[in-house]
Amino acid sequence: MTFSPSHPVTRLAPSPTGALHLGNARTFLINWLLARQNGWKIILRIEDIDGPRIKPNADKQAMEGLAWLGIDWDDGPIYQSTRLPIYQKAIEDLLAAGKAYPCLCTRKEVETAASAPHAEDGAAVYPGTCRGRFATIEAAHRAAGKPPSIRFAVPPGITQFTDCFRGPTQFDVAKQLGDFVIAKADGTPAYQLAVVIDDAQSGVTEIVRGDDLLDSTPRQMLLYHALGLSHAIPHYTHVPLVIGPDGRRLAKRHGDTRLATYRAAGVSPADILALLAKWCGITPKSCSARATDLLDNFTLANLPATPIVFDGNLAD
Ligand SMILES: [Zn+2]
């Protein structure tokens with residue numbers, strides 16, 4: 001397939017900080033089905049700047065797992081770790097424009113300083129302690145004898161968007177989430193900044209992801225505006241997650257749900273796809289050996305609006 005520059009583009013972005021498991025495989029499948037139904041170009045991106053948390057070979061395993069299910073892509077992989085100077089430039093631009101500032105607060109200080117308001121995920125809303133405190137990174141560094149992190153100065157007001165699955169959604173980012181970190185003290189760009197730069201530069205127009213990232217979206221939209229990229233803000237589709245019987249996001253504590261483990265145990269892609277299909281609201285067919293077999297029967301309208309509970313049993 002060939003794609004023009006004005007063509008819709010999406011991305012699959014497995015994180016090499018963990019293995020591909022049933023939960024994220026389902027989100028990737030939904031993203032892939034929407035892309036292949038609608039002719040979107042798919043870019044594969046590896047978000048590998050989270051230094052110490054990166055697991056060796058997790059990128060290759062993720063790609064193998066996707067390919068095993070028949071989930072393919074048109075371009076990439078693009079590794080974020082090869083793009084650090086590009087993120088650095090954006091951080092410097094935001095600092096120079098007064099849209100970001102150095103912050104010396106520790107996590108503990110932020111938690112102590114925050115009064116009542118807390119973000120939905122339980123993280124403290126940063127109270128803006130360091131806003132206007134230091135003229136430059138160097139001044140902050142000298143003052144504390146340690147390098148500062150960099151925070152984005154969130155402008156006041158409501159940020160709204162129409163989620164393709166959830167409908168109209170809005171946040172007051174300043175009140176609900178606060179000024180957020182765009183570069184860690186060691187210089188590593190934060191997730192929010194890196195994905196905005198990458199998505200804009202790759203021409204990504206469609207983002208499909210788990211709704212644990214719902215409150216990242218208004219923050220990322222503010223970064224698009226701040227970076228002069230308002231025209232590039234994509235469409236967003238946030239889908240409910242797979243959770244364990246305890247109501248928490250599927251993870252190690254719920255047992256080993258890694259695709260690689262099922263594969264090693266002789267489970268077939270068809271067995272996994274049967275379960276993922278059901279989780280996507282697709283009426284099961286007798287045998288779906290490849291992801292392409294699900295294309296005719298998937299529609300976002302039939303996707304369950306509540307989280308999927310997985311009890312560990314593949315045959316459920
Ligand atoms: Zn601070």
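Along the sequence shown, residues are numbered consecutively beginning with 1.
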Measure from the side-chain N and O atoms of N38 to the backbone N and O of L34, and report whether any donor-acceptor pair falls under 3.5 Å.
yes
Under a 4.0 Å N-O cut-off, is there an ion pair linking R11 with D75?
no
Any salt bridge between K184 and D50, counting N to O under 4.0 Å?
yes
ILVMFWY cluster, [X] and [Y] together (side-chain gap under 4.5 Å):
| X | Y | answer |
| --- | --- | --- |
| F134 | I182 | no |
| V154 | L95 | yes |
| I243 | L213 | no |

In short, side chain to side chain donor-acceptor pair (under 3.5 Å) pairs touching residues 221-243 with sequence neighbours left out are D163-H238, E206-H235, R209-H238, T217-H238, H225-S230
Any [X] side-chain heavy atom under 4.5 Å of [Y] side chain:
| X | Y | value |
| --- | --- | --- |
| Q160 | T169 | no |
| P102 | C130 | no |
| L276 | L294 | no |

Can a side-chain donor-acceptor contact be found between Y79 and D59 if the only test is distance below 3.5 angstrom?
yes
Taking atom CZ of R258 and atom CZ of R263, what is their separation to the nearest 0.5 Å?
13.0 Å
Rounded to the nearest 0.5 Å, what separates atom CZ in R219 from atom CG in L222?
10.0 Å
On the 0 to 90° scale, with breaks at 30° and 60°, tag the F171-F161 ring pair as parallel, tilted or perpendicular.
parallel
Where at least one partner belongs to residues 80-97, residue pairs that pass salt bridge (Lys or Arg N to Asp or Glu O under 4.0 Å), sequence neighbours excluded:
R83-D198, K89-D93
Specify the closest pair of heavy atoms between L250 and G23, including all atoms of both residues, with the distance to one decimal.
CD2-N, 3.6 Å
